[in-house]
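Here's the structure we're looking at; comments come further down.
Given the structure is predicted, the values throughout are model-derived calculations rather than measurements.
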Amino acid sequence: MAIVESGVVHGSSIRRSLELFMERVEERVRRANRFRSKAGAPVALIYMGMGVFFPLFSGISAVILSGSLGYSAGVTSLTRGFLGVAMLYMATILYLSSAFARPERKVARNIAAVLPYLGLGSAIMLTSHTFLSGIL
């Protein structure tokens with residue numbers, strides 16, 4: 001708008017100024033697309049890891065933790081604390097990966113984008129902990 005205003009006020013040609021402005025905008029778009037393309041593949045791996053593998057191994061680790069401590073006092077609270085920290089870690093990593101992959105989105109939208117993965121991961125973690133406690 002400032003370029004157009006300058007042309008109107010001074011009566012001069014704004015063609016070169018508009019060309020330079022367009023080049024600057026196109027360069028910003030190219031940089032953003034390059035960043036997004038480089039961040040896209042690792043995000044898929046993070047979602048898969050935090051949605052399936054990390055929760056599965058966290059559930060197994062919680063079973064091993066509770067089994068190795070036996071029936072000593074505080075085992076249940078320690079195991080629940082371990083699972084809570086694992087879920088918090090999972091939520092943090094998922095949110096950060098979403099925020100860095102799509103920095104233009106608002107916080108609420110990034111949180112909404114990772115909720116399905118967090119739900120799946122939590123279900124896998126609790127299910128593996130529950131069902132494997134009788135096996136291991």
Checklist entry - Any idea which heavy atoms bring Ser128 and Ile60 closest together, and the distance? => result OG-N, 4.2 Å

Item to check | Rounded distance [0.5 Å steps], CG in Leu56 versus CD1 in Ile124 | outcome: 7.0 Å

Next on the checklist: If hydrophobic clusters are built from ILVMFWY residues whose side chains come within less than 4.5 Å, do Leu78 and Val85 share one?
Outcome noted: no

Next on the checklist: More than 12 heavy atoms of other residues, nucleotides or ligands under 6.0 Å from OH of Tyr117: yes or no?
Outcome noted: no

Item to check | Ser61 side, atom OG; Met125 side, atom CE - distance, nearest 0.5 Å | outcome: 9.5 Å

Checklist entry - Less than 4.5 Å apart, any side-chain heavy atom of Ser122 and any of Met90? => result yes

Checklist entry - Can you tell if the side chain of Leu65 reaches within under 4.5 Å of the side chain of His129, non-hydrogen atoms only? => result no

Checklist entry - If Ile, Leu, Val, Met, Phe, Trp and Tyr residues are connected whenever their side-chain heavy atoms lie under 4.5 Å apart, and connections chain through other members, are Leu83 and Phe131 in the same group? => result no

Item to check | Exceeds 12 heavy-atom contacts within 6.0 angstrom, atom CZ of Arg28 | outcome: no

Next on the checklist: Give me the atom names and distance for the closest heavy-atom approach of Ser66 to Thr79.
Outcome noted: CB-OG1, 3.4 Å

Next on the checklist: Listing request: all side-chain hydrogen bond (donor to acceptor under 3.5 Å, both in side chains) pairs with a residue in residues 87-99, at least two apart in sequence or in separate chains.
Outcome noted: Ser98-Arg105, Ser98-Asn110

Item to check | Atom of Ser58, atom of Ala86 and distance for their closest heavy-atom approach | outcome: OG-CB, 3.8 Å

Checklist entry - What distance separates Arg30 CZ from Glu23 CD, expressed to the nearest 0.5 Å? => result 8.5 Å

Checklist entry - Between atom CD1 of Ile64 and atom CZ of Phe82, what is the distance when rounded to the nearest 0.5 Å? => result 9.5 Å

Item to check | Nearest-0.5 Å distance that lies between atom CD1 in Ile46 and atom CZ in Phe54 | outcome: 13.0 Å

Item to check | Pairwise distance CG(Leu88) to CD1(Ile93) - rounded to 0.5 angstrom | outcome: 10.0 Å

Checklist entry - Do the side chains of Val114 and Met50 get nearer than 4.5 Å, heavy atoms only? => result no

Checklist entry - Are the charged groups of Arg16 and Glu19 less than 4.0 angstrom apart, N to O? => result yes

